[in-house]
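One structure below.
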Amino acid sequence: MKSNSRFAAVLTAAVMLAGLLGGLGVQTANAAVAQVPATVETAPIHGTGDAADDAAIWIHPTDPARSTVIGTDKSTDGRGLVVYDLSGRELFYYPDGRMNNVDVRYNFPLGSSRVGLVGASNRVRSLDFYKVNESDRSLTKVGSFAPTANIATPRGFSFYHSPDTGKYYAYVTDVGKVEQWELDGSTGSVTGKLVRSWTVSGPAHTEGLVADDEMKRLYIAQEDIGGIWRIGAEPGDPTAGTRVVSTTESGGDIVQDIKGISIYYGNGGAGYLLAASQGSNRFHAYARDDNRPLGAFAIPAGNGIDAVTGMDGIDVTNFGVGGPFPQGFFVTQDTSNDTGKQNFKLVPWQSIAAAYSPALLVDPAYDQRKIGAGPSTPPPPGDTTPPDTAITSGPPASSTSTSASFAFTSTEANSTFQCSLDGAGRAGCTSPQAYAGLAVAAHTFSVWATDPAGNTDPTPATQTWSVTSSQPGGGAGIVRESVSQATNTTAATTLRIPKPANVAQGDLLVGCVALTGGTIGAAGVPAGWTGLASVTSIANPKVYGYFKVATASEPAEYAWTTSSTTSGGGIARYSGASGPAAAATSASGAAASAGTVPAVATTTANAMLVGCMSVNSSSVTLTSPDGMNQAVEAGARRFELADGIQATAGAGGPKTWKFSAAREWAGWLAALRPKAP
């Protein structure tokens, strides 16, 4: 979101005035507030009433696009942890107790392994711990213990990793009481030893906690007219602390109650302390070094998502995770969700940063996963053995796409990487590494891993592939460049499909939405999209098709409003296409082992046929028609999008999808017209 000049001037003046007169207790709560709408929201929490509370971000070790948001449900009927993907879709639900706050750390020594560790405060008087299973992003419980009786109801929770000793700690708080527990996972189960406890002076209500693992600081948020206290995080540090943020009632800049707090990490100690002001529906940014106030932002309604109000817990990551969040994102609980039960809202960090003047730091390369790998895992003395580098995914050997993405890994933890395309000089990179605008030619991608001891793999992992013309006789023609997809595995009224990667002005976007029932009305189609097909003659499935010519500024996702139903959808991005070449055809039928959609009669050669087929089953395998290739497939929501070039003008014949078992089916077929040379 761009800030207009008037906002920039007001905010700059407010920040300067706060800096000049901070010692006089100037209140900045009424200064200009940046407005930054969310672009993704999660499925609702399971519990009713005041249920959702806090969220934590886990970054996948090799494929950041598969990172997750882990949310808490403190209600008596929902009670547990929920894991969401970056589209907001629920992946897993663990009804293990009234979870209040949650946090994540990496490289925790559990038995003989190093794991991503999730910790949560359970209001039923325990601290519970889970390891993240990287293969499917699920959680496995690996320990639980109770704090002392001083913590009557565990609420605030935070991990801390000491850069001095390599030890991991858990902090828990309730009504001003704080305890620090040293964690031990040597037996394969997490246990704790109390190493420090104290009472925070001032108002009793304390919940928000966050530790800065580099600066060795702990921040504690007090509700009412308290503020935010900064305390040394090491177990031997004094507990008196310093109040670094005050509420407006005591001359500060933030309105009570202060709820969730989080750290945005940047290289060289840069970054921010972020805090949620529940009383004003705002979020405040403070410099990470000296905690000076930098202004506030709010999350209004926009992008088809309701505004955030009455928020509780927050989290943020600077790390680029691809998809709608290539430069990190911010997540917050939302108390009043427009669809009923509470949920969590996600905002691209670059949108927040750009709304400030001067803009806030954007540092998507700083890797939080390396926090926790410090003195506890130094390179072996005299380590001279280089790591082995492996490419875990990449494009096929021959592709018409001018975009490519590679995921890669190293045999040694905490390795860094350098990448090269077609013999160019090496440059630092992280997995996944993406390229766009590739020439029709052969290409070679190479990647080198370097371990913490400085040893570099002498033989890089390489992959060679060819970008081929999709048009007989040469020329770029129409090329499918990238795809995206989303599913609602539980009934919902909104399906949000992310924007495909690297969308450029003039690209043609083609979307398919499949429903297990219900409908999409005219008002339920996102702005700018035009209908291609509507196949609704049978009860299940129902299939819709749409297209859109991309503008210079496209949203991060597109939201379709449906009747309450499970659903799935995908979008394919095409270059070289100017629009539909003819009216789409469609068909549906009773249970059968194949479904045939009539031919589309094109008026131009080298049109791109695009078809979507859906079946009434989540387990049936679909086989694309002859001459067409699968572009998007979502088995859990039982549909696929396929395409292929039709070399000559006219009716190229019907297209038949085959099914591994007889099921009801519905599908459509369209043709895209090439742009004039």
Side-chain angles (χ1 to χ4, degrees), residues 43 85 87 89-91 480 483-497 510-520 524-525 531-547 558 560-572 584-600 608-644 652-671:
D85 66 15
S87 71
R89 178 173 62 103
E90 180 182 308
L91 298 175
R480 187 220 307 153
V483 297
S484 63
Q485 67 182 73
T487 59
N488 286 329
T489 56
T490 57
T493 58
T494 304
L495 176 67
R496 304 184 187 280
I497 308 177
V510 178
C512 174
V513 177
L515 312 179
T516 58
T519 58
I520 300 176
V525 180
L532 277 172
S534 176
V535 192
T536 59
S537 53
I538 61 175
N540 182 5
K542 300 181 187 296
V543 184
Y544 298 80
Y546 305 91
F547 75 93
Y558 308 96
W560 274 264
T561 302
T562 71
S563 302
S564 182
T565 182
T566 55
S567 58
I571 298 173
T585 62
S586 62
S588 59
S593 58
T596 300
V597 181
V600 175
M608 175 70 82
L609 295 182
V610 183
C612 184
M613 176 61 67
S614 180
V615 295
N616 182 5
S617 172
S618 60
S619 58
V620 167
T621 301
L622 282 70
T623 301
S624 304
D626 292 341
M628 299 182 74
N629 299 306
Q630 186 183 87
V632 176
E633 187 276 331
R637 291 281 65 83
R638 55 192 73 144
F639 82 97
E640 81 157 23
L641 191 66
D643 57 25
K655 295 298 181 182
T656 300
W657 278 261
K658 297 178 182 179
F659 317 136
S660 60
R663 292 292 187 272
E664 295 84 357
W665 59 275
W668 53 262
L669 186 66

Apply side-chain contact (heavy atoms from CB on, under 4.5 Å) to residues Tyr546 and Ile571 and explain how you reach the verdict. CA-CA 9 Å; Tyr546 305 91; Ile571 298 173; over 6 Å; no

Is there a donor-acceptor contact under 3.5 Å from the side chain of Trp668 to the main chain of Ser534? no

Over all atoms of both residues, closest heavy-atom pair of Trp665 and Val615: CB-CG1, 4.1 Å

Counting only N and O atoms by type, is there a donor-acceptor contact under 3.5 Å from the side chain of Asn488 to the main-chain atoms of Thr494? yes

When rounded to the nearest 0.5 angstrom, what distance separates OG in Ser484 from CD1 in Ile497? 6.5 Å

Donor-acceptor pair, Thr585 side chain versus Pro598 backbone, under 3.5 Å? yes

Does the side chain of Thr536 reach to within under 4.5 Å of the side chain of Tyr544, using non-hydrogen atoms? yes

Drop me the distance from Leu641's CG to Met613's CE, to the nearest 0.5 angstrom. 12.0 Å

Cut-off 3.5 Å, side chains only: do Thr562 and Ser567 have a donor facing an acceptor? no

Under a 4.5 Å cut-off applied to non-hydrogen side-chain atoms, are Cys512 and Val543 in contact? yes

Give a yes or no on whether the backbone of Thr519 and the side-chain of Ser563 come within a donor-acceptor separation of less than 3.5 Å. yes

For residues Thr490 and Glu90, determine if any side-chain heavy atom of one lies less than 4.5 Å from a side-chain heavy atom of the other. no

So which heavy atom on Asn629 is nearest to which on Ser624, and how close? C-OG, 4.3 Å

Over all atoms of both residues, closest heavy-atom pair of Leu495 and Ala486: CD1-O, 4.0 Å

Tightest non-hydrogen contact, residues Gly568 and Phe639, listed as C-CE2, 3.7 Å

Asn540: which of Asn616, Thr565, Thr516, Thr566 passes side chain to side chain donor-acceptor pair (under 3.5 Å): Asn616

Do Leu622 and Phe659 pass the side-chain contact (heavy atoms from CB on, under 4.5 Å) test, and can you show the C-alpha distance, the side-chain angles, and the key distance before you say yes or no? CA-CA 5 Å; Leu622 282 70; Phe659 317 136; 4.2 Å; yes

Shortest non-hydrogen contact from Arg480 to Met608? N-CE, 4.4 Å

Evaluation steps, side-chain contact (heavy atoms from CB on, under 4.5 Å), between Val525 and Trp560: CA-CA 5 Å; Val525 180; Trp560 274 264; 4.0 Å; yes

Nearest 0.5 angstrom please: Thr487 OG1 to Arg496 CZ, how far? 14.0 Å

Of the non-hydrogen atoms in Glu640 and Thr623, which two are nearest, and what is the gap between them? OE2-C, 4.5 Å

